[in-house]
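What you see is a predicted model, and the numbers here were worked out from it, not measured in a lab. So you know, we letter chains A, B, ... as the sequences are listed, proteins then strands, and number each from 1. Below, each value reflects all heavy atoms present in this structure, side chains not excepted, and no hydrogens, waters or symmetry copies.
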2 protein chains.
Amino acid sequence: MTTGIETTEGTEERIFEAARKVFARKGRDGARMQEIADEAGINRALLHYYFRSKQGLFEAVFAHMFEQYMRSFDAVLEPGQPFPELLRRFVDHYIDYAIEHEDMIRLMMGENLRGASILGEALAAAKHSESSLPNRIEHAIRAAIHSGEIREVDPSHTLLTIVSACIHFIVMKPTVQAMNPDAEADFSAFTEARKQHITDLLLLGMQPVEVAS
Amino acid sequence: MTTGIETTEGTEERIFEAARKVFARKGRDGARMQEIADEAGINRALLHYYFRSKQGLFEAVFAHMFEQYMRSFDAVLEPGQPFPELLRRFVDHYIDYAIEHEDMIRLMMGENLRGASILGEALAAAKHSESSLPNRIEHAIRAAIHSGEIREVDPSHTLLTIVSACIHFIVMKPTVQAMNPDAEADFSAFTEARKQHITDLLLLGMQPVEVAS
DNA sequence: GTCTATATCTCGATAGAC
DNA sequence: GTCTATCGAGATATAGAC
């Protein structure tokens with residue numbers, strides 16, 4: 001009944017998956033090679049056989065997660081949508097993804113706190129590629145301004161504000177829950193309410209200004 | 001010519017200041033007792049003489065910074081201000097403070113990433129005290145709704161959005177600078193523009209809805 | 001490729017002289 | 001109170017047998 005495929009499944013992949021879990025749980029510094037080895041069902045030496053060092057393992061894992069993260073937005077950014085619809089879908093997806101992959105969000109934040117040297121290549125690439133996520137969104141904002149759907153906002157700051165509103169409450173979850181009974185009782189409901197709040201507030205805030213009476 | 005006051009200046013205070021700097025630079029885990037000792041101009045053993053352990057030293061430093069942080073808002077929240085003025089002053093102060101005390105913001109974020117166990121007491125106190133910072137702001141939002149200055153927004157989510165918009169771009173500074181030429185060239189100018197953007201966007205977004213025609 | 005055993009290092013904490 | 005010297009835990013990384 002064995003397919004012959006699942007039996008071995010590559011030690012390297014097992015290590016990679018184990019590392020992903022442990023780094024996510026404990027962070028880059030907090031993670032222990034022993035724990036990764038245990039999770040993968042092998043011993044420490046093999047970790048160094050496949051990936052040279054802890055740093056090497058982390059970089060491999062991080063790069064992979066970051067790419068998945070970026071790709072996850074592809075479906076959301078279909079062209080030709082009215083701006084309010086685009087914003088609503090973007091916020092929905094961003095928050096859903098961030099909740100489901102809280103690990104990734106926390107790792108990314110951790111790297112930023114340490115100076116984000118590891119993000120260097122990925123971000124530099126994003127900056128100069130016209131098809132990168134941030135560039136595509138800023139482009140959509142400019143298009144909406146041009147078509148009169150929204151007023152003349154600064155695209156960079158607006159994107160930053162949207163992202164902040166979607167992510168920050170997850171990174172600050174302990175504080176948010178400590179200060180907010182609703183969030184502590186039912187974080188999932190709190191999250192849904194938050195999507196609505198963000199979309200409403202930002203759409204209103206970006207409303208075109210009416211031309212004098 | 002020695003006053004007799006500045007000469008010694010308390011070893012404990014010197015340690016405390018040194019710890020503040022080093023913890024801010026390197027984070028809780030990244031900081032080394034040796035480095036703190038060097039910065040204070042004494043040796044490691046004395047650190048343990050005055051504060052029991054590294055954890056003890058960190059908690060002392062953190063608690064002190066957190067209290068200063070909370071107190072810094074006192075002047076901003078004078079009652080009787082019109083809401084737009086209150087929001088503008090709050091955003092201004094928050095961003096100025098966060099920029100000037102980036103250390104504190106980063107430490108706070110780091111603790112949140114690790115579960116924020118150290119924030120426990122401080123946050124629990126804030127939650128139940130009517131005069132705590134978050135409660136006072138949410139109260140101001142409710143008052144503004146009641147007076148008709150703004151529409152019926154959810155106070156908790158609104159506060160969260162304001163805070164996110166003010167802080168997140170500082171925590172994510174490496175990413176923000178990597179993606180944004182303006183921010184990299186002149187972060188100070190970028191910051192001033194950001195204040196304006198946030199205040200404009202949020203005030204518009206909270207505008208009272210006009211009653212039919 | 002996979003294991004055991006160990007080298008090497010770093011760091012927090014303590015003992016004990018002064 | 002302040003120092004020097006050192007302990008001991010815990011981590012990454014490697015050597016070498018199988």
Side-chain angles (χ1 to χ4, degrees), chain A residues 2-63 107 110-111 113-115 117-118, chain B residues 2-63 107 110-111 113-115 117-118:
Chain A
T2 52
T3 60
I5 299 178
E6 299 289 308
T7 38
T8 315
E9 202 203 339
T11 306
E12 190 166 348
E13 278 72 23
R14 289 233 311 285
I15 293 177
F16 193 89
E17 277 309 298
R20 199 176 55 74
K21 288 184 195 169
V22 176
F23 277 129
R25 278 203 297 266
K26 303 294 180 65
R28 191 190 62 181
D29 293 349
R32 298 299 158 219
M33 294 297 264
Q34 181 62 59
E35 192 174 351
I36 296 176
D38 291 346
E39 181 85 32
I42 44 95
N43 59 45
R44 273 174 305 183
L46 266 192
L47 301 181
H48 292 90
Y49 176 79
Y50 282 100
F51 304 84
R52 209 178 60 84
S53 62
K54 183 184 183 181
Q55 181 66 16
L57 181 51
F58 180 76
E59 285 174 13
V61 166
F62 189 84
L107 286 185
E111 288 310 301
L113 284 184
R114 288 179 196 85
S117 53
I118 202 182
Chain B
T2 53
T3 60
I5 298 177
E6 299 288 308
T7 38
T8 316
E9 203 204 340
T11 306
E12 190 165 349
E13 279 71 23
R14 288 234 309 285
I15 293 177
F16 193 89
E17 277 308 299
R20 200 176 55 75
K21 289 184 194 168
V22 176
F23 278 128
R25 278 203 297 267
K26 303 294 179 65
R28 190 190 63 181
D29 293 350
R32 298 298 160 224
M33 294 297 264
Q34 181 62 61
E35 193 175 349
I36 296 176
D38 291 347
E39 180 86 32
I42 44 95
N43 59 44
R44 280 191 309 247
L46 266 193
L47 300 181
H48 292 90
Y49 176 79
Y50 282 99
F51 303 84
R52 210 177 60 84
S53 61
K54 184 184 183 182
Q55 181 66 18
L57 181 51
F58 180 76
E59 285 173 12
V61 167
F62 189 84
L107 286 185
E111 288 311 299
L113 284 184
R114 288 180 196 85
S117 52
I118 201 184

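In this structure, the NZ atom of A:Lys26 is 14 Å from the C1' atom of D:dA11, given to the nearest Å. What separates OH of A:Tyr49 from P of D:dA17 is a distance of 17 Å, to the nearest Å. Atoms CG (B:Leu47) and C1' (D:dG1) sit 13 Å apart, rounded to a whole Å. Summarising the geometry, the separation between CZ on A:Phe51 and P on C:dT2 is reported as 12 Å, rounded to the nearest angstrom. Between the P atom of D:dT2 and the CD1 atom of B:Ile15 lies a distance of 8 Å, rounded to the nearest Å. Remark: P of C:dT4 and CG of A:Leu46 are 10 Å apart, rounded to the nearest angstrom.
The side chain of A:Tyr50 approaches C:dG1 more closely than any other nucleotide in the set D:dG1, C:dA15, C:dG1.
Considering every non-hydrogen atom in both B:Ala31 and B:Lys54, the closest pair reads O-NZ, 2.8 Å. Among all heavy-atom pairs drawn from B:Met33 and B:Leu47, the shortest one is O-CD1, 3.2 Å.
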Any protein N or O atoms within reach of nucleotides 9-12 of chain C? Criterion: under 3.5 Å, listing atom names and distances.
from   : atom 1 : to      : atom 2 : distance (Å)
C:dC11 : OP1    : B:Arg32 : NE     : 3.1
C:dG12 : OP1    : B:Ala31 : O      : 3.4
C:dG12 : OP1    : B:Lys54 : NZ     : 3.0
C:dG12 : OP2    : B:Met33 : N      : 3.1

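Considering only side-chain N and O atoms, A:Asn43 lies under 4.0 angstrom from the phosphate OP1 or OP2 of C:dC3. Between B:Thr11 and the phosphate of D:dG1, there is no side-chain N or O to OP1/OP2 separation shorter than 4.0 Å.
Under a cut-off of 6.0 angstrom, the local environment of CZ in B:Arg25 is crowded, with over 12 non-hydrogen atoms contributed by other residues, nucleotides or ligands.
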